[in-house]
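One structure is given below, encoded as structure tokens.
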Amino acid sequence: MFIDTRRLQDGRAIEAEVCIIGGGVAGITLALELEKRGIGTCLIESGGFKPDNATRDLYRGESVGIDYRFADGCRSRYLGGSSNCWGGWCRPMEDSDFEPREWVQDSGWPFQKKDLQPYYERTHSRLQIGPNRFDTDFWVDAIGNPEVRKIPFTPSRVIDGISQFSPPARFGKLYREDLAHSRTINVYLYANAVDIETDGAESVRLVRLKTLTGVTATVSAGIIVLAAGGIENARLLLVSHKDRPEGLGNHNDLVGRYFMDHPRLYSGKVRFKPAWLRNKLYDIKHHYQNKAVAAHGTRVAAQFGLTPELRAEERLLNARVCFSSVFPGEDSDVADALIHFRQMLERKEQVERTLVHDMLALARHPVDTAGFIASRYLPAYCLAKYARFQIVAEPLPDPSSRIVLSDQCDRLGLKRVKVDWRIDTPVKRTIDRTLAIVAEDLIRAGVADVDLDPPIEGGEWPSTFEKEGTWHHMGTTRMHDSPKLGVVDRNCRVHGTSNLYLAGSSVFPTGGGNFPTITICALALRLSDHIAEEVGRRRYIPRGPIDKPANESKHYVAT
Ligand SMILES: Cc1cc2nc3c(=O)[nH]c(=O)nc-3n(C[C@H](O)[C@H](O)[C@H](O)COP(=O)(O)OP(=O)(O)OC[C@H]3O[C@@H](n4cnc5c(N)ncnc54)[C@H](O)[C@@H]3O)c2cc1C
């Protein structure tokens, strides 16, 4: 059931067995899993069914580290969260991403990939992706197109693998009916969690809510889960400082630290040999329109990187590389303008750009505009001028890369964030060495001629470094068995509290080289098992449908 919190009487006290703050992939996955166990849940969501400027503004903040965008276009604040604008790339983390590596500070998860594997398997239906296989051989066989081939990399140096594309699953739309008809989940829309209060000891007593129209409410629940995204999870803990000035769960000054995103940039010039020109498997540019690279009803793309052994030998972080064809128009602002149109059609949020700006860009470059459109909708491999590498690197967990509260407040009176994103030498060295080694291997295999850009270690980030990172906000409430090294324990429970949990990529101790959302979903499924056990064991309040407002019809939202 959906409830418009703005229409509730001021001061309402809501009760539930479990309260989940945030209706994105993590929050919705968790709520739907708890429903299967009949656990009464209230899901608190800041936005409604569509984006609106006032709610979106709550995400604004300052970037004080490297020039970085993390608000507009980089997060969505309405039902479904950033699944409203994600690209749908899915690939689980690798075995080695979970292991401690002595050359990567603070690396290692409290469990291994095999422990998460059963949950990864369960993500596939939620995310609407294909069989649980991410090896290139399986998909090349299934695709059955002689032009779609595996590159013969040297197995001891370079490995490749597959990412699957979710359609992409927009959780707010996809699961709206399930949430609407749920007997155990109440979704409170337009409700912002603004404070989490403890009983002075180790339990959360209540969560304070506020709408932008000024209605307030409180939630008491046996278990509280923060699933507000990689930046907001930390912000909410930091602003909840009534009982402890340093913020909730922050007795070891870790909340907000270790902020990570995946640095992404384009580099080099790759000119394929004729026999490889038509192989679209490894080219990011083709994945949207290329039905040739699909099987089992799922589109896929391949990527490559160094073997874990070679990374260990060279003391490098993880990184994934693919090709990105350069088509006409892509060296002017035509491509940006057209991509922006497409994003607007898909309701992505890029509010800082204007339509007039885009129209002018297109009018200035009519030939590029035609070339770019042709390259998107025709079998366009022949139009590509050349390809570049797109490389996405694992960020180094770094306590000085962090989120802190700013002096500015949003309309709800909550301090905004300052994001100080830092990435330095080990990441740059990883990018340089990874590209050098894969280039060498491509030339050796007779796949392409490659001109590398100059190394970036020791210099500034090049202009092809993406200022929004990869929109993967991770690490700010990292997981570790020791409260000295992590905000949450292996079950995602905040150290020092008995009933507060965190869901989402804020708990990742390291970020690997892949996409976070499938791992967010797997961790939410794992957390649901743990919470179900806890609820069963502790029997906080009787199960069943929860909090029916006195005059129900007044508060419901049409679905
Ligand atoms: C343009 C773009 C492309 C992306 N592409 C990919 C991709 O291809 N593959 C991939 O794996 N990942 C991708 N991502 C990242 C992916 O979208 C996120 O990892 C994922 O959506 C995070 O899910 P979440 O539920 O943890 O958080 P979110 O999606 O951020 O959801 C948090 C929810 O909490 C709500 N909320 C926030 N604060 C409060 C509050 N105080 N009170 C109540 N509610 C609150 C928000 O409104 C939101 O609905 C992309 C992201 C973007 C922006």
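Nothing here was measured: the structure is a model prediction, and the numbers come from that model. Counting starts at 1 for both ligands and their atoms, in listed order.
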Options Thr519, Val25, Thr517, Val239, ranked by nearest heavy atom to atom 18 (C) of ligand 1, top entry: Thr517
Regarding ligand 1, does Leu236 bring an N or O atom to under 3.5 Å of one of the ligand's N or O atoms? no
Show me which atoms of ligand 1 lie under 4.0 Å from any heavy atom of Ala191. 42 (N), 43 (C)
Distance-minimising heavy-atom pair for Cys90 and Leu127: SG-CD1, 4.1 Å
Which option, Phe70, Tyr59, Tyr190, owns the non-hydrogen atom nearest atom 46 (C) of ligand 1? Tyr59
Could you tell me whether some N/O pair between Thr470 and ligand 1 is separated by less than 3.5 angstrom? no
Under 4.0 Å from any heavy atom of Gly81, which atoms of ligand 1 are there? 29 (O), 31 (O), 48 (C), 49 (O)
Does Arg526 qualify as a cation-pi partner of Phe111, given the criterion of NZ or CZ under 6.0 Å from the six-membered ring centre and within 45 degrees of its axis? yes
With respect to Gly80, determine whether any N or O atom, backbone or side chain, lies less than 3.5 Å from an N or O atom of ligand 1. no
Describe, in one word, how the ring planes of Phe259 and Trp421 are oriented to each other, choosing from parallel (under 30°), tilted (30 to 60°) and perpendicular (over 60°). perpendicular
Ligand 1 atoms in contact with Ala193 (distance to a heavy atom under 4.0 Å): 40 (C), 41 (N), 42 (N), 43 (C)
Heavy-atom neighbours of Gln117 CD exceed 12 at 6.0 Å: yes
Positive for side-chain hydrogen bond (donor to acceptor under 3.5 Å, both in side chains) with Thr216, one of Asp10, Thr211, Thr5: Asp10
Checking the N or O distance criterion of under 3.5 Å, is ligand 1 in contact with Glu232? no
Check this for me - ligand 1, Ser76, N or O atoms closer than 3.5 angstrom, yes or no? no
What part of Ala227, side chain from CB on, backbone N/CA/C/O, both or neither, has a heavy atom under 4.0 Å from ligand 1? backbone
Ligand-residue contact atoms, ligand 1 with Pro516, heavy atoms, under 4.0 Å: 10 (C), 11 (O), 12 (N), 19 (O)
Need the ligand 1 atom indices (1-based, order shown) with element for anything under 4.0 Å from a heavy-atom of Gly229. 27 (O), 30 (O), 32 (C)
Taking the six-membered ring of Tyr188 as reference, does the cationic atom of Arg6 (NZ for Lys, CZ for Arg) lie under 6.0 Å from its centre and within 45° of its axis? no
Does the separation of the ring centres of His262 and Phe515 fall below 6.0 angstrom? no
Taking every non-hydrogen atom, the tightest pair across Glu45 and Arg77: OE2-C, 4.0 Å
State the atoms of ligand 1, each with its element, that fall below the 4.0 Å cut-off from a heavy-atom position in Ile44. 43 (C), 44 (N)
Shortest non-hydrogen pair, Leu226 vs Leu236, comes out as CD2-CD1, 3.4 Å
Ignoring hydrogens and angles, tell me if any N or O in the side chain of Trp139 forms a donor-acceptor pair with the backbone of Ala302 under 3.5 Å. no
Salt bridge check: are Asp407 and Lys418 linked by an N-O gap of less than 4.0 Å? no
Out of Trp89, Phe165, Tyr188, Tyr78, who is nearest to atom 8 (O) of ligand 1 when you count heavy atoms only? Trp89
Heavy atoms only: which of Ser82, Cys90, Ser166 lies closest to atom 28 (P) of ligand 1? Ser82
Can a salt bridge be assigned to the pair Lys242 and Asp195 using a cut-off of 4.0 Å between side-chain N and carboxylate O? yes
Tell me which part of Ile520 gets within contact of ligand 1: side chain, backbone, both or neither, using heavy atoms under 4.0 Å. side chain
Any nitrogen or oxygen of Gly504 lying under 3.5 Å from a nitrogen or oxygen in ligand 1? Just yes or no. no
Any atom of ligand 1 sitting under 4.0 Å from a heavy atom of Ser505? no
From the options His262, His472, Arg170, Met474, select the one whose nearest heavy atom is closest to atom 13 (C) of ligand 1. His472
Is it the side chain (CB and beyond), the backbone, both or neither of Ile21 that lies under 4.0 Å from ligand 1, heavy atoms counted? side chain
Would you say Phe515 and ligand 1 have an N/O pair spaced under 3.5 Å apart? no
Using modelled atom types only, decide if a donor and an acceptor are shared between the side chain of His472 and the backbone of Thr470 within a distance under 3.5 Å. yes
Could you list the atoms of ligand 1 found under 4.0 angstrom from a heavy atom of Ser83? 21 (O)
Do any N or O atoms from the side chain of Ser166 and from the backbone of Gly88 form a donor-acceptor pair under 3.5 angstrom? no
Any donor-acceptor pair under 3.5 Å linking the side chain of Asn192 with the backbone of Lys210? yes
At less than 4.0 angstrom from any non-hydrogen atom of Gly23, what atoms of ligand 1 do you find? 33 (C), 34 (O), 49 (O)
What about Arg75: any of its N or O atoms under 3.5 Å from an N or O on ligand 1? no
Indicate yes or no: does an N/O atom of Trp471 lie under 3.5 Å from an N/O atom of ligand 1? no
